[in-house]
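Input: a single structure, listed below in C-alpha cells.
The analysis underlying the following values was restricted to heavy atoms, covering all of them including side chains, and did not include hydrogens, waters or symmetry mates. Numbers here simply count residues along the sequence, with the first being 1.
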Amino acid sequence: MANQQIRVAIVDDHPVVREGLRAFLQLEEDIDIIWEASGGEQAVQLAQEKPVDVIVMDLMMPGTMDGIEATRRIREIQPSVKVLALTSWERDETALEVLAAGAIGYLHKDVEPDLLLGGIRQAAAGRMVIESHVWTAAQQGKFGRRRDRLPIDGNINSVDDGCPEAKEAGTEASELLVEPLTDRERDVIQWMAKGLSNKEIGAQLGISEKTVKVHVSHILAKLNVFDRTQAVLFAVKMKMIDLNASDE
C-alpha cells in the first residue's frame with residue numbers, strides 16, 4: 001500500500017490557483033491529479049463520473065453552489081471521497097459548516113506547502129485535518145449548541161495505524177492534527193523537554209515509570225510523531241510547553 005497513489009481533484013474558481021496547486025502536487029510521486037473544476041456544480045458532476053480519493057475544495061465560489069453545498073452533495077453520492085477544504089475565509093463558523101457537510105478537513109490558503117501536502121496525505125488515510133484555532137474554538141464551546149455537528153470527538157485518531165500514508169505525511173502535518181493533551185500529558189512532555197528519562201519523570205510526578213511510558217505513547221500518537229525529540233520540538237513550536245518554566 002506504500003506505493004499506492006492518491007487520486008486528487010482540485011476545485012477552485014481561480015485558474016491561477018488551480019494551476020499553482022496542480023504544478024506543486026504533480027511533483028509528488030504518490031499524487032495523481034485526476035480532474036479540476038471551477039465551480040461547485042461541475043465538481044459534483046465530475047466527482048460522480050471520475051471518483052477520486054481526495055478533493056481539495058475551495059469554499060467561496062460564484063454560481064449557485066458554493067464549496068460547502070458541493071461538499072455535502074459529493075459526500076452523498078461518493079461517501080468514500082475525502083473533501084479537504086482550502087479557503088481564504090477567516091471565519092471559524094465556516095469551518096464548522098463544511099465539516100458538518102462531510103469534509104474531513106479545513107485549511108487556510110496561506111498554509112505552508114509542506115503542511116498542505118501532509119494534510120492531503122492525512123486526509124487520504126482517513127484522518128481529520130483541522131487547524132489549531134478551529135479545534136480550540138470548538139473545544140471552548142464557541143460554536144455553541146452546534147458543536148455536536150462537528151465530528152471531532154471520536155474521529156481524530158480513527159486512522160488505521162497500519163496505513164503508511166498517514167506516517168509518510170511527516171512531522172509537519174502533525175501541526176494540522178490537533179487533539180489537546182491532558183494536563184498530565186503536558187506535565188510529562190514538559191519534563192521530557194528537560195531531558196529526563198521515564199524513570200526520572202515518574203519520580204518528579206509521583207507516578208510509576210510504566211505510567212509515564214503510557215503517557216509518552218499517548219503524546220506521540222496525538223502529535224503524530226515517532227520519537228521524544230520530535231514530540232518536544234513540535235510542542236515547543238506550537239507553544240504547548242514553556243522551556244523557561246520553573247522546575248518546581
Side-chain angles (χ1 to χ4, degrees), residues 1-89 95 98-99 101-130 151 155 158-160 162-170 172-173 176-177:
M1 190 172 179
N3 296 322
Q4 181 175 339
Q5 289 209 317
I6 303 171
R7 299 170 300 169
V8 175
I10 300 170
V11 182
D12 198 292
D13 62 307
H14 292 93
V16 173
V17 174
R18 295 198 307 274
E19 181 178 345
L21 285 173
R22 180 177 67 250
F24 167 62
L25 295 176
Q26 283 180 334
L27 296 175
E28 302 300 316
E29 294 183 356
D30 63 334
I31 291 182
D32 185 15
I33 307 299
I34 303 300
W35 52 263
E36 300 173 26
S38 59
E41 297 92 339
Q42 184 183 19
V44 172
Q45 180 179 349
L46 288 171
Q48 190 165 17
E49 297 173 354
K50 302 177 180 180
V52 295
D53 302 307
V54 178
I55 298 177
V56 180
M57 176 76 74
D58 186 22
L59 298 185
M60 187 168 57
M61 297 180 289
T64 59
M65 189 184 301
D66 63 14
I68 296 175
E69 181 60 24
T71 295
R72 182 177 294 107
R73 297 196 186 186
I74 288 171
R75 290 281 296 160
E76 288 175 354
I77 62 177
Q78 294 286 356
S80 64
V81 71
K82 308 300 190 297
V83 177
L84 179 60
L86 184 65
T87 179
S88 58
W89 281 0
V98 72
L99 291 169
I104 199 170
Y106 177 94
L107 302 177
H108 197 268
K109 281 187 176 179
D110 63 3
V111 67
E112 291 294 327
D114 286 347
L115 298 184
L116 171 60
L117 183 59
I120 290 173
R121 289 173 175 149
Q122 295 283 2
R127 192 162 196 175
M128 187 166 279
V129 181
I130 308 176
N155 295 337
S158 63
V159 62
D160 178 3
C163 184
E165 283 83 354
K167 296 181 176 62
E168 291 171 358
E172 292 85 357
L176 310 174
L177 306 173

Asp66 versus Met61, closest heavy-atom pair with distance = C-CE, 4.2 Å

query = Which heavy atom in Glu36 sits nearest to a heavy atom in Gln42, and how many Å separate them?
reply = O-NE2, 4.1 Å

task = Please say whether more than 12 non-hydrogen atoms of neighbouring residues, nucleotides or ligands are located less than 6.0 Å from CD in Glu28.
result = yes

inquiry  = Between Asp32 and Arg7, does any side-chain N to carboxylate O distance fall below 4.0 Å?
reply    = no

ask   = Which atom names give the shortest non-hydrogen contact between Ser38 and Arg18, and what distance separates them?
value = CB-NH1, 3.5 Å

message = Any non-hydrogen side-chain atom of Ile74 less than 4.5 Å from a side-chain atom of Met57?
response = yes

inquiry  = I'd like to check Val17 versus Asp58 (side-chain heavy atoms, cut-off strictly below 4.5 Å). Are they in contact?
reply    = no

note = dist Lys82:NZ -> Ile6:CD1 (nearest 0.5 Å) comes out at 11.0 Å

request  = Assess whether side chain to side chain contact (heavy atoms under 4.5 Å, CB included) is satisfied between Lys109 and Asp12, documenting all intermediate values.
outcome  = CA-CA 11 Å; Lys109 281 187 176 179; Asp12 198 292; 2.8 Å; yes

message = Run Arg73 and Glu69 through salt bridge (Lys or Arg N to Asp or Glu O under 4.0 Å) and show every step you take.
response = CA-CA 6 Å; Arg73 297 196 186 186; Glu69 181 60 24; 2.9 Å; yes

task = Please step through side chain to side chain contact (heavy atoms under 4.5 Å, CB included) for the pair Val83 and Tyr106, ending with a clear verdict.
result = CA-CA 9 Å; Val83 177; Tyr106 177 94; over 6 Å; no

message = One pair to check against side chain to side chain contact (heavy atoms under 4.5 Å, CB included): Leu116 and Leu21. What are the steps and the verdict?
response = CA-CA 10 Å; Leu116 171 60; Leu21 285 173; 3.7 Å; yes

message = Can you give me the closest heavy-atom contact between Met65 and Glu41, atom names plus distance?
response = N-OE2, 3.4 Å

inquiry  = Let's go through Leu25 and Leu117 carefully: what are the C-alpha distance in whole Å and the side-chain angles of both, what is the deciding distance for side chain to side chain contact (heavy atoms under 4.5 Å, CB included) to 0.1 Å, and is it a yes or a no?
reply    = CA-CA 8 Å; Leu25 295 176; Leu117 183 59; 4.2 Å; yes

